[in-house]
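Just so it is clear, the model here is predicted, and its values are computed rather than measured.
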Amino acid sequence: SLTSSLELFSEFVSEVNARAVESDAQGLAHWAVDHLSNVVGFDCAWYGWAKLSSQSVEIYANSTLDLPEKYYDDWQDMSEQDLLAIDVLSDPNMVATYDRGGCIQTEGMVALSDGYGLNKMATAMHFRPGQLASFYLSSYRGGKLAKNWSKDELTFLKCAIDQLSKAMELTAHEHLPRLTSQTVSIFVNENGNGIFGLKHLKDHFREHLPNWDAERLPKSLRDLVTRPGDHILRDLNLMVHSEAVVGENRMGLHKLTLRPLTSFDLLTKREQAVAEVLAQGKSHKETARILGVAPSTIRNQTQSIYAKLEVDNRVSLAAHLPR
């Protein structure tokens, strides 16, 4: 009934918003798809982020629910014959459906449907005009007795994906490090295609990335996507931290956190440790004891630190330490 549908949708939205505070976008997507499989009623699903162009659908990141990992590869082999993709391209705001017993077929759809026993399919997308990637969910009912999608089910699915997508965008920003306003984090796939945050990157670091206004990261940043850890880009005057988004059924997301390079970043790890202790007002002898080295070593490193930071006292040194 309409009342029960509204209650279920309200419960879904409330739970999505509650989980968005504690989960990242990937974890939220996994939970929501599994939950919707029970509420709407489907056996398995394929979901992720895709870019729509006038003629094609390009998958940026994806995962599955109760489907083999090779499903994406099999879809790629028949993607040009995907009737769902054709319908989505014609109108991204509609829920596209496919029926194995219907009169409109392609060899690719028949092969995919029969290969996985998927008789009824429905694809909903939260299309973001002007954005790099949009979230999609392809849900499937299997078996010859699979029931048709009702209008209410398709409406519920579309509204749920819209709400989920908005929550994931907020989640992406909610889980960024609580650093300065000069720090920007972005989420990309392993090829450096943007999913969340590229607009913030362009807005805040335009002077660091001259002549770049693309949907894909510049090569200097793309090279760091699959290299976890901290990276100094002297030519761009940037400090970049790279990490893969981990978890079950990972979708191939990576996070880059960028901020302007500081003089403190140019110190070695040992020099940074020495600088942090000295800035607390400790003597060379106390610093040596704390770090387990000889006082003469601390004196030599202090001279190097002062030279690199262009300071001559501990008060000035403390001003260079990150807050």
Side-chain angles (χ1 to χ4, degrees), residues 24-26 48-62 76 79 89 92 125-136 165-166 168-245 250-268 272 308-310 320 322-323:
D24 58 23
Q26 177 176 273
W49 286 271
K51 176 191 173 185
L52 300 187
S53 65
S54 59
Q55 298 295 327
S56 66
V57 175
E58 181 181 356
I59 305 300
Y60 276 7
N62 72 102
Q76 281 188 307
S79 58
L89 286 171
M125 171 175 276
H126 177 69
F127 183 54
R128 303 189 296 164
Q131 298 297 318
L132 303 183
S134 299
F135 186 79
Y136 70 91
S165 298
K166 294 173 182 177
M168 287 190 295
E169 288 185 47
L170 294 174
T171 295
H173 299 296
E174 186 71 24
H175 290 271
L176 302 185
R178 300 299 187 185
L179 300 177
T180 70
S181 59
Q182 292 183 305
T183 298
V184 170
S185 285
I186 59 174
F187 290 81
V188 299
N189 67 4
E190 62 181 10
N191 296 319
N193 293 314
I195 295 175
F196 297 117
L198 254 64
K199 183 179 184 302
H200 295 282
L201 178 63
K202 294 175 183 178
D203 291 344
H204 292 278
F205 290 99
R206 193 174 298 276
E207 70 277 11
H208 295 266
L209 304 168
N211 305 317
W212 173 70
D213 192 33
E215 298 178 354
R216 194 182 184 201
L217 292 178
K219 187 177 186 306
S220 54
L221 295 180
R222 289 202 310 270
D223 291 343
L224 305 181
V225 170
T226 57
R227 294 169 52 195
D230 293 322
H231 306 276
I232 293 176
L233 298 182
R234 291 175 182 261
D235 55 332
L236 298 180
N237 196 33
L238 285 174
M239 185 73 177
V240 183
H241 179 77
S242 174
E243 60 182 295
V245 180
R250 63 180 303 268
M251 304 172 76
L253 297 183
H254 295 262
K255 183 167 79 170
L256 296 183
T257 302
L258 305 92
R259 61 173 173 79
L261 192 65
T262 68
S263 54
F264 186 79
D265 295 321
L266 302 179
L267 301 180
T268 66
Q272 289 179 356
K308 290 181 179 180
L309 299 183
E310 298 182 350
H320 283 268
R323 290 177 174 81

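- Of the possible donor and acceptor atoms, none in the side chain of Ser165 sits under 3.5 Å from a partner among the backbone N and O of Phe135.
- Atom CE of Met168 sits about 8.5 Å away from atom NE2 of His126, to the nearest 0.5 Å.
- In Glu310, the CD atom is not crowded: 12 or fewer heavy atoms of neighbouring residues, nucleotides or ligands sit closer than 6.0 Å.
- Rounding to the nearest 0.5 angstrom, the gap separating the CZ atom in Phe187 from the OG1 atom in Thr257 is 7.5 Å.
- Contact annotation: the side chain of Met239 never approaches that of Thr262 to less than 4.5 Å [non-hydrogen atoms, C-beta and beyond].
- By the side-chain contact (heavy atoms from CB on, under 4.5 Å) test, Ser79 pairs with Trp75, sequence neighbours left out.
- Summarising the geometry, atom CG belonging to Leu236 is positioned 9.0 Å from atom NE2 belonging to His208; distances are rounded to the nearest 0.5 Å.
- The backbone N or O of Asn191 sits less than 3.5 Å from a side-chain atom of Asn189, completing a donor-acceptor pair.
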Would Val57 and Leu52 count as a side-chain contact (heavy atoms from CB on, under 4.5 Å) if you check the C-alpha gap in whole Å, the side-chain angles of each, and the deciding distance to 0.1 Å?
-> CA-CA 5 Å; Val57 175; Leu52 300 187; 3.6 Å; yes
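- Atom NE2 of His254 is separated from atom OG of Ser242 by 7.5 Å, given to the nearest 0.5 angstrom.
- Here the shortest heavy-atom pairing between Phe205 and Arg259 reads CZ-CA, 3.8 Å.
- Contact annotation: the side chain of Leu221 approaches that of Leu258 to within less than 4.5 Å [non-hydrogen atoms, C-beta and beyond].
- Minimum heavy-atom separation, Gly194 to Ala133: O-CB, 4.1 Å.
- Contact record, Ala25 with Phe196: CB-CE1, 3.9 Å, taken as the closest heavy-atom pair.
- Of all non-hydrogen atoms in Pro260 and Asp265, the two that sit nearest each other are O-OD2, 4.2 Å.
- Leu209 and Pro218 get closest at one heavy-atom pair: CD2-CG, 4.1 Å.
- For residues 221-235, the pairs satisfying side chain to side chain donor-acceptor pair (under 3.5 Å) are Lys219-Asp223, Asp230-His241, with sequence neighbours left out.
- The line from CG of Leu266 to CG of Leu261 is 5.0 Å long, rounded to the nearest 0.5 Å.
- Atoms CD1 and OH, from Ile195 and Tyr60 in turn, are 8.5 Å apart once rounded to the nearest 0.5 Å.
- For Glu190 (side chain) and Val225 (main-chain N/O), no donor-acceptor pair under 3.5 Å exists by modelled atom type.
- In plain terms, the two heavy atoms of Ala50 and Ile59 that are nearest each other are CB-CD1, 3.8 Å.
- Here the side chains of Lys255 and Asp24 are not in contact, with every heavy-atom distance at 4.5 Å or above.
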Under the side-chain contact (heavy atoms from CB on, under 4.5 Å) criterion, do Leu201 and Trp212 qualify, and how do the steps go?
-> CA-CA 11 Å; Leu201 178 63; Trp212 173 70; 3.7 Å; yes
